[in-house]
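Below: one structure, written as structure tokens.
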Amino acid sequence: MAGKRVTLAIATALAVGVAPAVLGGTAAVAAPLTAVAATGTATVVQEGGPLVVPSGEEVVTTRVTVTLPEGASGPVKARLLLPFTWDFVNGDTYPLSWDIRPSCSVDGGPFQPCLLEDPVAGLNRGPHVATMPVTEAAPTITYDIRIESSRDARRWKDVTGTLEVGAGGAPDLASGPVGFRFAHNTPAPGLRTTMLGRDKAGVLWQYEGTGLPDKPLKARERVGGGWNAYTLITPLGRRTAAGEGDLVARDKAGVLWFYEGSGNPAAPFKPRVRVGGGWNVYTAIGNLGTRLIARDKAGVLWEYSQKRLGPPAPYEERRRIGGGWNVYNAIVGQGYHYSALARDTSGVLWSYTSAHPDFAPRTRVGGGWNAYDRIVFADNLVGSRVGDFLGRDKNGDLWLYEGISRDGNDVPPPSRRQIGHGWGIYDTIL
């Protein structure tokens with residue numbers, strides 16, 4: 001999307017180190033971010049106050065005007081300093097550079113990358129530094145800072161950086177604050193995941209994720225009928241509200257069919273392609289990204305990798321992962337990770353983390369999971385940094401677990417919250 005300037009009209013005291021207030025209600029009269037250099041004559045002003053940064057795909061720009069001290073001459077260097085890490089709303093901390101990508105322009109010139117770099121090695125050191133294009137001294141210099149953000153940017157709080165301007169070396173001419181406010185908006189379709197449910201009449205329904213914690217699912221939309229021809233349906237990769245993401249389905253004769261994502265949200269799957277027969281030997285089929293895992297009747301787990309060349313449906317010859325998987329009555333693959341969750345017959349959930357080419361020894365997640373007749377990996381349904389999980393109980397209530405990271409794997413936390421009811425109308429959800 002073409003860049004557009006976004007400004008926010010708020011009163012702010014960032015010039016003296018006070019964080020901007022949380023948005024709500026009517027905005028106050030605009031007040032620029034401004035600071036006075038040690039000379040008493042130089043100023044740094046961010047037009048319109050903190051820049052509102054949306055959640056992904058939209059590019060936004062803020063302008064900072066620098067007035068230099070009288071007599072300043074020669075090449076002028078500037079840099080934007082931002083916190084290396086910042087607390088998310090949920091209490092986690094991650095590098096800011098994971099979620100935003102700045103580019104910069106001086107005095108209306110072409111935009112150039114000014115990627116955030118850490119001048120000091122090691123996590124939680126820094127700050128990040130974005131170096132601006134060098135220009136010649138003038139009474140007034142304008143810097144445009146353009147921000148591209150990922151979907152995860154909506155989890156950030158307000159961030160205040162510092163623009164330092166210097167001749168011999170910043171900030172010997174001017175220094176002042178530059179603020180960013182991360183909007184908790186609904187991301188673009190390609191950044192939102194979806195859930196599917198098949199009802200008892202064989203109709204497949206799609207629920208778009210909103211990416212927002214308060215109401216994570218939109219109202220359902222009909223995909224199509226005839227899906228009761230299948231005894232098992234498994235997603236492949238990451239499904240999005242833009243119609244991306246594939247799945248496989250096994251029919252009653254044991255034939256596996258591949259459905260490629262169409263890129264059309266209204267009809268999210270292309271016509272099916274036959275993979276092959278003989279898949280009735282498996283009692284469970286799951287996914288590890290675009291790969292399949294399948295458990296046979298003897299409890300042996302097998303992996304099928306997609307061929308790198310040719311049509312997307314065919315798979316390489318299967319590879320044995322290991323035996324003993326009949327102790328589990330549910331196996332949940334985790335889309336983009338080579339990792340899985342498995343529930344044993346006493347209701348304890350176990351995590352298997354990648355130790356390529358197989359799994360590392362399992363770790364215990366927790367008990368009580370036999371309350372659910374279906375457990376689903378929901379990807380980033382509500383904007384978490386890690387994948388979320390859903391559990392449907394025997395009353396048809398749907399529960400959300402906002403995932404946490406443990407030992408390199410995404411796992412559900414002890415806490416849950418209800419996000420739906422009436423899901424008992426579906427004989428499968430994915």
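- Looking at Asn287 and Val248, their side chains never come closer than 4.5 Å, going by heavy atoms from C-beta outward.
- Minimum interatomic distance between Glu402 and Asp388 (heavy atoms only, all atoms of both residues): CA-OD1, 3.4 Å.
- Between Leu349 and Pro412, some side-chain heavy-atom pair lies under the 4.5 Å cut-off.
- Distance check, rounded to the nearest 0.5 Å: CD1 of Ile375 to CG of Asn329 gives 8.0 Å.
- In this structure, Asp246 contributes its side chain and Gly261 its backbone to a donor-acceptor pair below 3.5 Å.
- A cation-pi arrangement is not found for Arg392 relative to Trp423, the charged atom failing to lie both closer than 6.0 Å to the ring centre and inside a 45° cone about the ring normal.
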| task | Walk me through it: do Phe180 and Leu82 pass the test side chain to side chain contact (heavy atoms under 4.5 Å, CB included)? | result | CA-CA 10 Å; Phe180 301 91; Leu82 292 171; 3.8 Å; yes

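- For the 3.5 Å distance criterion, the side chains of Thr428 and Arg198 fail to qualify, holding no donor opposite an acceptor.
- Interatomic distance, OH of Tyr401 versus CZ of Arg417, reported as 12.5 Å (0.5 Å rounding).
- Proximity of Val327 to Thr345: side-chain heavy atoms (C-beta onward) are nowhere separated by under 4.5 Å.
- With hydrogens and angles ignored, the 3.5 Å screen pairs a side-chain donor or acceptor of Arg250 with a backbone N or O of Tyr282.
- Ring geometry, Phe359 versus Trp325: the interplanar angle falls from 30° to 60°, so the pair is classed tilted.
- Cation-pi geometry between Arg272 and Trp257 is satisfied (NZ or CZ under 6.0 Å from the ring centre, within 45° of the ring normal).
- Here the side chains of Val203 and Arg222 are in contact, with some heavy-atom distance below 4.5 Å.
- Ile145 contributes atom CD1, which lies 9.5 Å from atom OG1 of Thr61 (distance to the nearest 0.5 angstrom).
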| request: Output, in order, the C-alpha distance, side-chain angles, deciding distance and verdict of side chain to side chain contact (heavy atoms under 4.5 Å, CB included) for Gln418 and Trp399. | output: CA-CA 4 Å; Gln418 187 176 348; Trp399 299 87; 3.7 Å; yes

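- Judged by distance alone, with hydrogens and angles left aside, the side-chain atoms of Arg416 form no donor-acceptor pair with the main-chain N or O of Gly391 at under 3.5 Å.
- In this structure, the side chain of Thr210 engages the main chain of Lys215 through a donor-acceptor pair within 3.5 Å.
- By the 4.5 Å heavy-atom criterion applied to side chains, Leu398 and Leu217 are counted as neighbours.
- The minimum heavy-atom distance between Ala183 and Val52, with the atom names listed, is CB-CG1, 3.9 Å.
- Under the 3.5 Å distance criterion, the side-chain polar atoms of Thr353 are left unmatched by any main-chain donor or acceptor of Ala360.
- A pairwise comparison of heavy atoms in Thr142 and Gly108 identifies OG1-N, 4.3 Å as the closest pair.
- A 6.0 Å sphere centred on CZ of Arg374 holds more than 12 heavy atoms belonging to other residues, nucleotides or ligands.
- The two residues Pro189 and Thr240 come nearest to each other via the heavy atoms O-CB, 3.7 Å.
- Side chain of Asn326 to main chain of Lys297: a donor-acceptor pair is present (N/O by atom type, distance under 3.5 Å, no hydrogens or angles).
- You'll find the side chain of Leu236 reaches within 4.5 Å of the side chain of Leu292, heavy atoms only.
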| request: Go through the steps for Leu390 and Leu381 under the test side chain to side chain contact (heavy atoms under 4.5 Å, CB included), then give the verdict. | output: CA-CA 10 Å; Leu390 296 175; Leu381 191 63; 4.2 Å; yes

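- Smallest separation of non-hydrogen atoms from Val106 and Pro133: CG1-CB, 3.9 Å.
- The two atoms that bring Trp350 and Asp344 nearest to each other are NE1-OD2, 3.0 Å, heavy atoms only.
- The only member of Gln46, Arg146, Glu47 that meets side-chain hydrogen bond (donor to acceptor under 3.5 Å, both in side chains) when paired with Thr62 is Gln46.
- Atom CG of Leu80 sits about 4.5 Å away from atom CE of Met132, to the nearest 0.5 Å.
- No more than 12 heavy atoms of other residues, nucleotides or ligands lie within 6.0 Å of CD in Glu317, so this atom counts as exposed by the packing criterion.
- Aromatic rings from Phe389 and Trp369 are positioned such that their centres are separated by 6.0 Å or more.
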| request: Test side chain to side chain contact (heavy atoms under 4.5 Å, CB included) on Lys218 and Arg192 and set out the steps. | output: CA-CA 11 Å; Lys218 293 186 176 182; Arg192 290 185 277 114; 4.0 Å; yes

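- For the pair Ile429/Met195, no side-chain contact is recorded, criterion being any heavy-atom separation below 4.5 Å from C-beta on.
- No donor-acceptor pair under 3.5 Å is formed between the side chain of Thr194 and the backbone N or O of Glu208.
- Remark: side-chain polar atoms of Asp393 are paired, donor with acceptor, to backbone N or O of Asn395 under 3.5 angstrom.
- In this structure, CZ on Phe269 lies 11.5 Å from CG on Asn264, to the nearest 0.5 angstrom.
- Annotation: side chain of Ser97 is not in contact with side chain of Leu115 (no heavy-atom distance under 4.5 Å).
- The distance from the CD1 atom of Ile419 to the CG atom of Asp214 is 12.0 Å, given to the nearest 0.5 Å.
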